[in-house]
Amino acid sequence: MAPTPSLTADEAHARRRELTVIDVRTPGEYTSGHVPGAHNIPLDHLERALPALRAAAGRADLLLVCASGARSATAARRLAQEGITAATLVGGTTAWQQLGHDLDRPAGTSAPWAMDRQVRLAAGSLVLTGLALGRRRPKARLLSAGIAAGLVFSAVTNTCGMAKILAALPYNRPASTDLDATLAALTG
């Protein structure tokens, strides 16, 4: 399989009017700030969106975006399996913002923490809990060991089970995200 094409934040910014930008983060992350004009199709809804993405790719180049580039690379590989070419944004919205490019945020919405920050808080809290409880009940340290093993597995496989669990929480899925409307816009 050919390598996934990618664009730097400056390259994407220069071409932003000729690209269809798809943000594959959770709706909560998308609401916290996204590349202007980006459509939100969370990674876990990618299969459902394949026909709309194929139609959109027929009209303009696709650019997949996430926070760091890992999830968008996963999405690009999946699209490539379906014969849909899509570039990824190197460094994701983090790089986009660091280079001074604006992010859109819906007015009147409160933004949850970025997913990687939520994962660090949850993992760190669970490790500390395991260690604290382990002072009285040594077997409780297994919680810390389990979280450590999960983090190593996450790094090796470039996946994150904890992020998938956290993404399902209500504050990461605001009601204002309408996947059907997004798919209709991409199809039409």
Side-chain angles (χ1 to χ4, degrees), residues 1 3-4 6 9 22-35 38-50 53 64-82 86 88-98 103 105-106 108-179 182:
M1 182 180 287
T4 302
S6 60
I22 307 297
D23 192 318
V24 298
R25 298 177 297 160
T26 66
E29 290 176 292
Y30 175 82
T31 302
S32 71
H34 56 270
V35 172
H39 300 277
N40 185 220
I41 300 177
L43 186 58
D44 58 346
H45 292 287
L46 197 64
E47 294 299 318
R48 179 175 167 206
L50 286 172
L53 291 169
L64 302 175
V65 179
C66 66
S68 67
R71 286 178 280 178
S72 59
T74 299
R77 285 190 299 274
R78 178 63 188 109
L79 292 180
Q81 292 172 347
E82 296 294 324
T88 61
L89 180 64
V90 177
T93 54
T94 302
W96 180 272
Q97 190 171 26
Q98 286 174 343
L103 293 175
R105 292 177 178 86
T109 58
S110 61
W113 287 357
M115 188 56 64
D116 65 319
R117 187 175 181 192
Q118 292 181 46
V119 167
R120 289 192 310 263
L121 175 68
S125 297
L126 290 169
V127 167
L128 286 175
T129 299
L131 292 174
L133 291 174
R135 294 181 61 118
R136 294 199 183 256
R137 300 187 188 274
K139 287 188 177 187
R141 292 184 185 143
L142 291 174
L143 173 63
S144 299
I147 296 299
L151 291 171
V152 170
F153 179 79
S154 175
V156 170
T157 62
N158 200 24
T159 61
C160 187
M162 189 177 290
K164 288 179 183 179
I165 293 168
L166 292 171
L169 295 175
Y171 60 82
N172 281 321
R173 296 201 172 270
S176 63
T177 300
D178 186 354
L179 184 60
T182 298

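Side chains included, hydrogens not; waters and symmetry mates left out as well; all remaining heavy atoms used. Keep in mind that what you see is a predicted model, and the values were worked out from it rather than measured.
Residue Asp44 holds its CG atom at 9.0 Å from OG1 of Thr26, rounded to the nearest 0.5 Å. Distance OG/Ser72 to CG/Leu89: 7.0 Å, rounded to 0.5 Å. Rounding to the nearest 0.5 Å places CG of Leu121 at 9.0 Å from CG of Leu126. Between Arg120 atom CZ and Leu151 atom CG the span is 11.5 Å, to the nearest 0.5 Å. With rounding to the nearest 0.5 angstrom, the OG1 atom of Thr94 is 9.0 Å from the CG atom of Leu103.
Nearest approach of Ala76 to Ala86, heavy atoms of both residues: CB-O, 3.9 Å. For the residue pair Ala95 and Val90, the shortest heavy atom distance occurs at CB-O, 3.5 Å.
If you run side chain to side chain contact (heavy atoms under 4.5 Å, CB included) between Ile22 and each of Val35, Leu64, Thr182, Leu46, only Leu64 comes through.
Side-chain contact check for Leu179 versus Asn40: every heavy-atom pair is 4.5 Å or farther apart. At a threshold of 4.5 Å between non-hydrogen side-chain atoms, the residues Val24 and Val65 do not count as touching. By the 4.5 Å heavy-atom criterion applied to side chains, Met162 and Met115 are not counted as neighbours. Considering only heavy atoms from C-beta on, Leu50 comes within 4.5 Å of Glu47 through its side chain. A 4.5 Å side-chain heavy-atom check between Cys66 and Thr93 finds every atom pair outside the cut-off. Taking 4.5 Å as the limit, some side-chain heavy atom of Leu43 sits within range of a side-chain heavy atom of Thr74. At a threshold of 4.5 Å between non-hydrogen side-chain atoms, the residues Asp23 and Ile41 do not count as touching.
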Using salt bridge (Lys or Arg N to Asp or Glu O under 4.0 Å), reason through Arg77 and Glu82 one step at a time and then give a plain yes or no.
CA-CA 9 Å; Arg77 285 190 299 274; Glu82 296 294 324; over 6 Å; no
Walk me through it: do Cys160 and Val119 pass the test side-chain contact (heavy atoms from CB on, under 4.5 Å)?
CA-CA 9 Å; Cys160 187; Val119 167; 4.0 Å; yes
Run Arg71 and Glu29 through side-chain contact (heavy atoms from CB on, under 4.5 Å) and show every step you take.
CA-CA 13 Å; Arg71 286 178 280 178; Glu29 290 176 292; 2.7 Å; yes
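Taking His34 as the reference, Tyr30 meet the ring-ring contact (aromatic ring centres under 6.0 Å, His included) condition, with sequence neighbours excluded. Taking Thr129 as the reference, Leu133, Leu143 meet the side chain to side chain contact (heavy atoms under 4.5 Å, CB included) condition, with sequence neighbours excluded.
Sorted by first then second residue, the side chain to side chain donor-acceptor pair (under 3.5 Å) pairs that include residues 140-165, not counting sequence neighbours, are Thr157-Thr159.
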